[in-house]
Number of protein chains: 2
Amino acid sequence: MSALQEISLNIRNMKQLEYSVLARRTNQIKDELKKGVKKSYREVIDVSWGDPHRAGVKPLSFVRQVLAACIYPQLMDGDKLMVDVKQRAQMLLRACPGGSVGSYCATAGVPEIVERVSEYITRRDGGVPSHPENIYISSGSQWALTNILKVLVNSEASPRTGVLTPVPCHSTTILSLMALGAEVVPYYLREEQGWALDVEELQRAWGSAKEVCNPVGLYVINPGNPAGYVQSRKSMQEVIRFAAEKRLFLLADEVYQDCVFGEETEFVSYKRALAEMGSPLSDTVELASFHTTSKGLMGECGLRAGYVELVNLDPAVMKHIYSLFSADSCAPVLGQFALDVMTNPPQPGDPSYPLYMKETQHIRTSVAENVRRVEEVINSLPGFSCQPVEGGAFAFPRVFLPPKAIETAKELGMKPDTFYCMRLLEEAGVLSSPGSEYGQQEGTYHIRFCIMTPSEIMEEILRRLSTFHKRFMNEFS
Amino acid sequence: MSALQEISLNIRNMKQLEYSVLARRTNQIKDELKKGVKKSYREVIDVSWGDPHRAGVKPLSFVRQVLAACIYPQLMDGDKLMVDVKQRAQMLLRACPGGSVGSYCATAGVPEIVERVSEYITRRDGGVPSHPENIYISSGSQWALTNILKVLVNSEASPRTGVLTPVPCHSTTILSLMALGAEVVPYYLREEQGWALDVEELQRAWGSAKEVCNPVGLYVINPGNPAGYVQSRKSMQEVIRFAAEKRLFLLADEVYQDCVFGEETEFVSYKRALAEMGSPLSDTVELASFHTTSKGLMGECGLRAGYVELVNLDPAVMKHIYSLFSADSCAPVLGQFALDVMTNPPQPGDPSYPLYMKETQHIRTSVAENVRRVEEVINSLPGFSCQPVEGGAFAFPRVFLPPKAIETAKELGMKPDTFYCMRLLEEAGVLSSPGSEYGQQEGTYHIRFCIMTPSEIMEEILRRLSTFHKRFMNEFS
Ligand SMILES: Cc1ncc(COP(=O)(O)O)c(C=O)c1O
Ligand SMILES: Cc1ncc(COP(=O)(O)O)c(C=O)c1O
C-alpha cells in the first residue's frame with residue numbers, strides 16, 4: 001500500500017512546499033516587475049486558484065446590489081436601486097434578528113434562507129423532496145465537508161478509517177482527510193476515457209484498502225476538480241450501487257454543479273440519481289451533498305458560504321452533526337444572503353432580470369469559448385493533451401515531459417511538473433499549479449489552470465503557454 | 001472529581017436542552033402574539049445573546065459605508081460617500097486579488113489587514129511589538145480558539161489533557177473543550193469580590209486536576225463573560241506567574257477589550273502585562289490572545305471575523321497551526337474589512353470622524369447608563385444581587401431563589417434557574433439565560449442578560465424584571 005502513502009505524502013509536501021515555492025517566486029517576480037526589471041511579460045497572470053474574480057471575471061450586479069443594500073440599508077432610500085433589489089434586501093433583513101446582518105443567526109443558517117435553499121434543491125431535482133432540517137449552511141462548503149468527515153472518521157480506530165478518494169482530487173479535501181487521521185484510499189479516474197469513474201477501479205481500490213483500513217466513505221467530485229469531467233447518470237447509478245453494496249457513506253462534492261459547458265452535458269445530482277433508483281437504495285444509502293457560492297457564475301469565494309444536504313442519516317448522527325456545526329456559531333450572514341440569491345436568482349419579469357441574464361450569459365459564453373480554445377490550442381501542441389472539459393473551473397491537460405526535463409527537475413530537487421510550472425511562471429508569467437498537488441498516475445504529469453477568465457485573458461494565457469511550451473519541449477528534446 | 005464532570009454535563013445538557021427549551025418557548029410565544037393572544041407584553045425582548053444589533057443597537061455608519069462601497073464599488077462614483085470612506089474602500093479592495101471581495105485570500109488573512117491589525121496591537125500595548133506572522137484572522141474568534149485548543153489537546157492522551165477554565169464561563173468554549181476530548185478543570189471566580197480571579201483557587205484547581213488529567217492550558221476571559229469583571233494588572237501578573245510555574249499555555253479570551261465601563265477601570269492585555277514583566281517570563285510563557293469584530297462598539301457578529309495573536313510559540317507548532325487554519329481556506333473577506341476598521345477607526349480630521357464619534361459616544365453613554373441602572377435596580381430588589389459590571393456585554397446577577405421555587409422547579413424537572421428564566425419569559429416577555437449554562441457555585445443561581453441595548457429598552461427590561469421578580473419571590477416565599 002505504499003502508493004497510498006506516497007500520494008498522501010506527495011500532496012502534503014506539494015501543498016506545503018512545491019506550490020508555495022511557486023507562490024513565493026510569484027511574489028518575487030511581482031516585486032521585480034514593480035522595480036522595472038525587464039521580462040517578456042508586464043504582469044503575472046494567476047490562474048492557479050479556482051476563483052473567477054481573481055482571474056478577472058466581474059461579480060454579478062444583482063448579488064452585489066442586494067448585499068450592499070443589506071449592509072447599508074440607507075441605500076434603499078434613493079431611487080438608484082431596482083425595486084426587486086430592495087425587496088430582496090428587505091426580505092433578507094427581516095429574517096435577521098434586529099434586522100441587521102450584524103447579528104448571529106441559528107447554527108444551521110438563517111431559517112428562511114435554509115428553507116429557500118431547500119425549495120431550490122427540490123426544483124433542481126425535478127421534485128425530489130428536500131427537507132430544511134437536513135441542510136446546514138456553513139462558512140464555505142469545505143468546512144461543511146470537514147465536519148461531515150469528522151463524523152465518519154474515527155481518529156483512534158484501528159485499523160484506521162478509510163475514505164475512497166479520486167485521483168486526481170481537489171487537494172484541500174485530501175489535507176482534511178489526513179488531518180483527521182483517515183486513510184486516503186485512491187481510486188484512479190480513467191484519463192483516456194475523459195476521466196471516467198470506473199466501478200471496476202472502485203472495486204480494486206476497495207479490495208486493496210481492506211488490507212490496511214476500514215473503508216467507510218466514498219468521496220466523489222462531480223463536476224470534477226482538477227479534471228473537468230461531468231459524470232453521466234449511468235456512472236452515478238453504478239457508484240450508488242457500489243456504495244450500497246459496500247455500505248459506504250457517499251460524499252458528493254457538487255460545488256461545480258452550475259459549471260457545465262458541454263452542449264450535451266447535464267448535471268444530475270447524486271440525490272436525484274439516488275431517488276430515481278427507488279427503494280431500498282433510495283431509503284438507505286447515506287449521502288451528503290455539498291454546494292457553495294464560491295463557484296458557478298457568482299464565484300463569491302471571499303464571502304464564505306456553502307451548504308451540505310444530508311440524506312438517510314440516523315437521527316442520532318444528525319444530532320451529533322448539529323453540535324459539530326454549532327462550534328462555529330454560524331456562517332457569515334452576507335454569504336448566506338449570496339446563497340439565497342444563487343438559489344433564487346431574478347426571474348423573467350423582474351426588473352433586474354435583463355441585466356442578470358446579460359451578465360450571466362456573457363460569463364457562460366466566454367467560458368464556453370475559453371474551453372473550446374483551450375482544447376483546440378493545447379491539443380495542437382506537441383507533447384500536450386487535454387481531455388474534453390465538460391464542467392468545473394479548470395483545465396487539467398497532460399504534459400508528456402521529455403526524459404531530459406524530468407532529469408533536470410530531479411537534479412534541482414523538484415517534481416517534474418513543478419519544474420514545468422516554475423519555468424512557465426518564470427518565462428511566460430503564467431502561474432498554474434502542478435498535477436502532483438492533486439495526485440496523478442505514476443509517470444504522468446499535468447498542469448491545472450482556471451478557465452473562468454475573461455476571453456481576452458484566456459487568449460493571452462494560451463499565447464504565452466504555446467510559445468513557452470514549444471521552446472521548453474525543444475530545449476529538452 | 002465528580003464536580004468537574006457534573007459541570008461539564010450540566011453545561012452540555014443546558015445548551016442542548018434547557019436553553020433550547022427557552023428558545024423553543026420563545027418561538028411559540030412569538031407565534032401566539034402574532035395570532036393575537038393577549039399577554040402583559042406586546043413583544044419578547046431577547047437579551048439572551050451577546051449581539052448588540054439583535055438587542056436594538058445601531059451599526060456604526062462608517063463600517064457599513066466602507067463595506068457597502070467594497071461590495072458594490074459603483075457606489076463610489078457618486079458623491080454620497082465621504083472621501084475617507086472611499087479611500088478606505090479603495091485601499092482594502094487593492095489588497096484583494098482581482099480587486100474583489102469575492103476572491104479567496106491568504107490563509108492567515110489579507111496580508112495588508114494582518115499588518116494593520118499588528119500595528120494596532122503595538123499601539124494598544126504601548127509599543128510592545130507585535131509581528132504580523134504571529135496573527136491569524138479567522139471566521140470569528142471562536143474558530144481561532146478551537147484551532148488553538150486543537151493544538152493543545154491530545155484527544156488520545158491518557159491521562160486526558162486538562163484545561164483550567166473559569167466558572168462561570170462563556171459556554172461555547174466549554175463545548176469546544178468537551179468536543180475535543182479535553183478535561184474541563186473548573187476554577188471558581190470569587191463572586192463576592194466582584195468575580196475576582198484568585199491564584200489560590202487556581203492552585204486548588206490545578207492540584208485537584210493533577211489526579212485525573214494532565215493540565216496544559218489556562219483559559220481566562222477578560223473582560224468577563226458572563227460575569228462582567230475586568231482584571232487588574234496585579235491579578236494578571238499573578239496569573240502569568242502561575243502559568244509560568246506550572247508550564248501552562250495561557251489562552252486569553254480578550255474579545256471584550258473595548259467594552260470597559262467602570263470609570264477607573266482599564267483594559268490591559270495579557271500580552272502587555274507579560275512583556276512588562278520582562279525576561280525570562282516575557283520570552284517563555286506561551287500565550288494566545290483572541291479578539292473579534294463581534295463585540296465592542298461595532299458588534300458585527302454576523303460578519304464572522306476575529307483573530308488570534310500567538311506569543312512565544314515554537315516554530316514547529318506555528319507551522320502546525322498554519323495547516324489547521326488552512327483547512328478553512330480563509331476568513332470572510334468582508335469580516336476582515338470590518339476588522340480593519342475596528343483596529344483603525346476614523347481619526348480626528350477625517351471627514352467621517354464627527355459622525356463616528358457621535359455614534360460611538362452614544363453607545364458608550366447608553367451602556368454606561370444601562371450598567372448604572374441595572375446595578376441600582378437589581379440591588380434594590382429583594383433576593384437579587386449584582387456585582388459591579390465593569391466590562392463585557394452582560395449582567396450576571398445572583399438570584400436567591402426561595403426553597404419553594406427550587407422544589408417546584410425540581411418537580412417540573414427543570415434546573416431552578418431555568419425555571420426562573422422560563423417564568424420571566426412567560427410572564428414578562430424577557431428572554432435571558434440561566435446561570436447553569438455557564439457553571440456556578442453549587443447552590444447559587446444566576447441569570448445572564450445582555451446590557452448592550454438602547455437605554456429605553458433597558459428601562460423596559462428592568463421594569464418588566466422588577467415587577468416579575470417581586471411577584472415571583474412573593475409567590476414562593
Ligand atoms: C471540489 C471542491 N470542493 C470544495 C471547494 C471549497 O469551496 P468553498 O469555498 O465553498 O469552501 C472547492 C474549492 O475550490 C472545490 O474545488
Ligand atoms: C468570551 C467570548 N469569547 C468568544 C466569543 C465568540 O465570538 P466570535 O463571534 O468572534 O466567534 C464570545 C461570543 O459571545 C465570547 O463571549
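In what follows, chains are A, B, ... by sequence order, proteins preceding strands, each numbered from 1. The figures that follow rest on heavy atoms only: side chains count, while hydrogens, waters and symmetry mates do not.
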Item to check | Within 6.0 Å of CG in B:Asp77, more than 12 heavy atoms from elsewhere | outcome: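 Yes - once you tally the heavy atoms of other residues, nucleotides and ligands closer than 6.0 Å, there are more than 12.
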
Next on the checklist: For A:Asp79, is the CG atom crowded, meaning more than 12 foreign heavy atoms sit under 6.0 Å from it?
Outcome noted: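 Counting neighbours around CG of A:Asp79, 12 or fewer heavy atoms of other residues, nucleotides or ligands fall under 6.0 Å, so no.
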
Pairwise side-chain contact, [X] with [Y], heavy-atom cut-off 4.5 Å (strictly under):
X	Y	value
B:Leu67	A:Tyr72	no
A:Thr360	A:Met298	no
A:Val66	A:Leu92	yes
B:Phe325	B:Ser138	yes

So which of [options] has the biggest tally of heavy-atom pairs under 4.5 Å with chain A?
options	result
B:Ser326, B:Ala338, B:Gly102	B:Gly102
B:Cys105, B:Pro52, B:Cys330	B:Cys330
B:Val57, B:Leu324, B:Ile71	B:Ile71
B:Ser103, B:Gly98, B:Pro97, B:Ala68	B:Ser103

Checklist entry - Is it the side chain or the backbone of A:Cys96 that comes within 4.5 Å of chain B heavy atoms, both, or neither? => result neither

Next on the checklist: So for A:Leu145, is it side chain, backbone, both, or neither that comes closer than 4.5 Å to the heavy atoms of chain B?
Outcome noted: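 Neither part; nothing is under 4.5 Å.
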
Checklist entry - Considering residues at least two apart in sequence or located in another chain, which fulfil the ring pair (Phe, Tyr, Trp, His ring centres under 6.0 Å) criterion with A:Phe449? => result none

Item to check | Ion pair check, A:Arg88 and A:Asp340, cut-off under 4.0 Å | outcome: yes

Item to check | Non-hydrogen atoms of A:Arg160 and A:Ala182 that approach each other most closely | outcome: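 Minimum heavy-atom separation between A:Arg160 and A:Ala182: NH1-O, 3.9 Å.
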
Checklist entry - Shortest non-hydrogen contact from B:His53 to A:Ser100? => result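 The pair with the smallest heavy-atom distance is ND1-OG, 2.7 Å.
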
Checklist entry - Given a strict heavy-atom distance threshold of 4.5 Å, which part of B:Ala331 is in contact with chain A: side chain, backbone, both, or neither? => result backbone

Next on the checklist: Please identify, among A:Gln142, A:Gln65, A:Arg54, A:Gln336, the residue contributing the most non-hydrogen atom pairs under 4.5 Å to chain B.
Outcome noted: A:Arg54

Item to check | Residues in residues 300-308 of chain B that sit under 4.5 Å from chain A, counting heavy atoms only | outcome: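 The stretch touches chain A at B:Glu300, B:Cys301, B:Gly302, B:Leu303, B:Arg304.
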
